[in-house]
Protein chains: 2
Amino acid sequence: MLLDEDLHIAPNCGSCPIRHRAVCARCESTELAALEDIKFYRSFQAGQTLIWSGDRMDFVASVVTGVATLTQVMEDGRTQTVGLLFPSDFVGRPGRDTAPYNVIATTDVMMCCFRKKPFEELMARTPHIGQRLLEMTLDELDAAREWMLLLGRKTAREKIASLLAIVARRDAGLQGQVRQRQVTFDLPLTREAMADYLGLTLETVSRQISALKREGIIELAGKRTVHVPDIDRLIEEAADDADGGMPG
Amino acid sequence: MLLDEDLHIAPNCGSCPIRHRAVCARCESTELAALEDIKFYRSFQAGQTLIWSGDRMDFVASVVTGVATLTQVMEDGRTQTVGLLFPSDFVGRPGRDTAPYNVIATTDVMMCCFRKKPFEELMARTPHIGQRLLEMTLDELDAAREWMLLLGRKTAREKIASLLAIVARRDAGLQGQVRQRQVTFDLPLTREAMADYLGLTLETVSRQISALKREGIIELAGKRTVHVPDIDRLIEEAADDADGGMPG
DNA sequence: GGGACTCTTTGATCTGCGTCAAAGCAGGTG
DNA sequence: CACCTGCTTTGACGCAGATCAAAGAGTCCC
């Protein structure tokens, strides 16, 4: 049996530096105890499709370990990833019964699932959970809109830097090592998966990563392990900011 | 004084063919009667910025007439529109007190505003409203993710066709003329605003519109009025679909 | 060890869209 | 009317990133 610390009811959710947060044990431990009865676990291998777009969903779930993507595919095969799921992120929606996207494990993944009906009943009984879900959804909406800026207006280099910065932040958050200048992390995505998330081709992804390496902004150990000697320099490359002008 | 039919509490919201729906009078007329006390109206001219990114928001609001955009601007001026607001769409979020985007009127706009604090209190008293807001937010999230596919993977021509199809549908929805083969509507956006929404330049937008006109897929009367002789042909150009594969 | 994979890198070439420039076309105003 | 001013169209050209092609590198299995 798994320990509670591993679950979506993760005690660290409050300190998670990025936007997707799960229901937190700290805030509502008593209500969530009831969830114990209706939850179960599923494991998947890297590359496996957890959920196919259009599938009936009779559960909601949250990622315990690993990383998965939400992906849309056009008839002719063009693919766009519309979300990354890290540990503590939520999948599936109360009130919706077919999946709108493919959910694909990009590393080995463990999910904690809740049967949808009892979960919805619990939600009805516990307004706090609904509020939390609304807050999480708003965070996802903000993240999606930030990604729209990236897809619509950033150069290939900026896109890569943005993605690396985001993965670095989430990874650092999971390991509790926030606010350090140097970071080392494993890329949970293949070049192709990165390309699908960034609206590029895998060749362009590879070339831009090589360029960042050549310029010393990142260092690679193997293909997946990335070391960032100065995170601020990376963030600079990402052109990450979103500010309007001044009133007037 | 304005008539209730004009408001976000619009009786037609249930039949609105697209994703952003507002709180509906049909479902919860009694609770919303209380909103009468805390609401007020504001008008804006085309081109005016209603809300600046970073501004303090002490109200939430809903569009009564006209069209506005949600827009992000990078330091160097690159601009990406991340949402279109049509009549009945909602602006601002309970629980968030600064605006994350510029909200810009692209036509003359009338908004119906509610002071945030009383609105939040009402929400706490009326779980139904919270549920509705969650549902609306999920719809917006889906729309944002659909737009990510457009921004990341569609060609300029497909982008234009997609935008025209969406405006046609929303416009037709407002006028109650759903499911007709021919549609005529006014573009509520300048070429530049379209470009900012589609991740293109205004020149490319202009060229692609000219091309669609040349091929008889659309007809123009003036610069803003569009007639679509066969909506299915337009939708075909939009390459609009998002389907995964089959299970296996 | 040596295939057979899968994933990644790198090179050569092509092209869709961006950039720069100029002209057309309202609608408003003195 | 002539003259703005703001929006749109069209043309010529260049480039970032796509496409096509091939070779490297790691891992698994016999």
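In what follows, chains carry the letters A, B, and so on, assigned in the order in which the sequence lines appear, proteins first and then strands, with residues in each chain numbered from 1.
Using a 3.5 Å distance cut-off with no hydrogens or angles, the side chains of B:T69 and B:T81 do not pair a donor with an acceptor.
A:T204 is linked by a side chain to side chain contact (heavy atoms under 4.5 Å, CB included) to A:A156, A:L200, A:T201, A:Q208, counting only residues two or more places apart in sequence or in another chain.
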Assign a letter to each nucleotide of nucleotides 6-19 of chain C from its 5' end: B, base within under 4.0 Å of a protein heavy atom; S, sugar-phosphate only; -, no contact. --SBBBB----SSB

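At a threshold of 4.0 Å, the pair A:E140-B:R145 counts as salt-bridged, since one of the basic side-chain nitrogens sits closer than that to a carboxylate oxygen. Remark: A:R224 does not engage A:D186 in a salt bridge, criterion side-chain N to carboxylate O under 4.0 Å.
One can place CD of B:Q45 at 13 Å from P of C:dG28, the figure rounded to the nearest angstrom.
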Donor-acceptor list for residues 213-222 of chain A side chains, cut-off 3.5 Å, not counting sequence neighbours:
residue : atom : partner : partner atom : Å
A:E215  : OE1  : A:R157  : NH2          : 2.7
A:E215  : OE2  : A:R157  : NH2          : 2.5

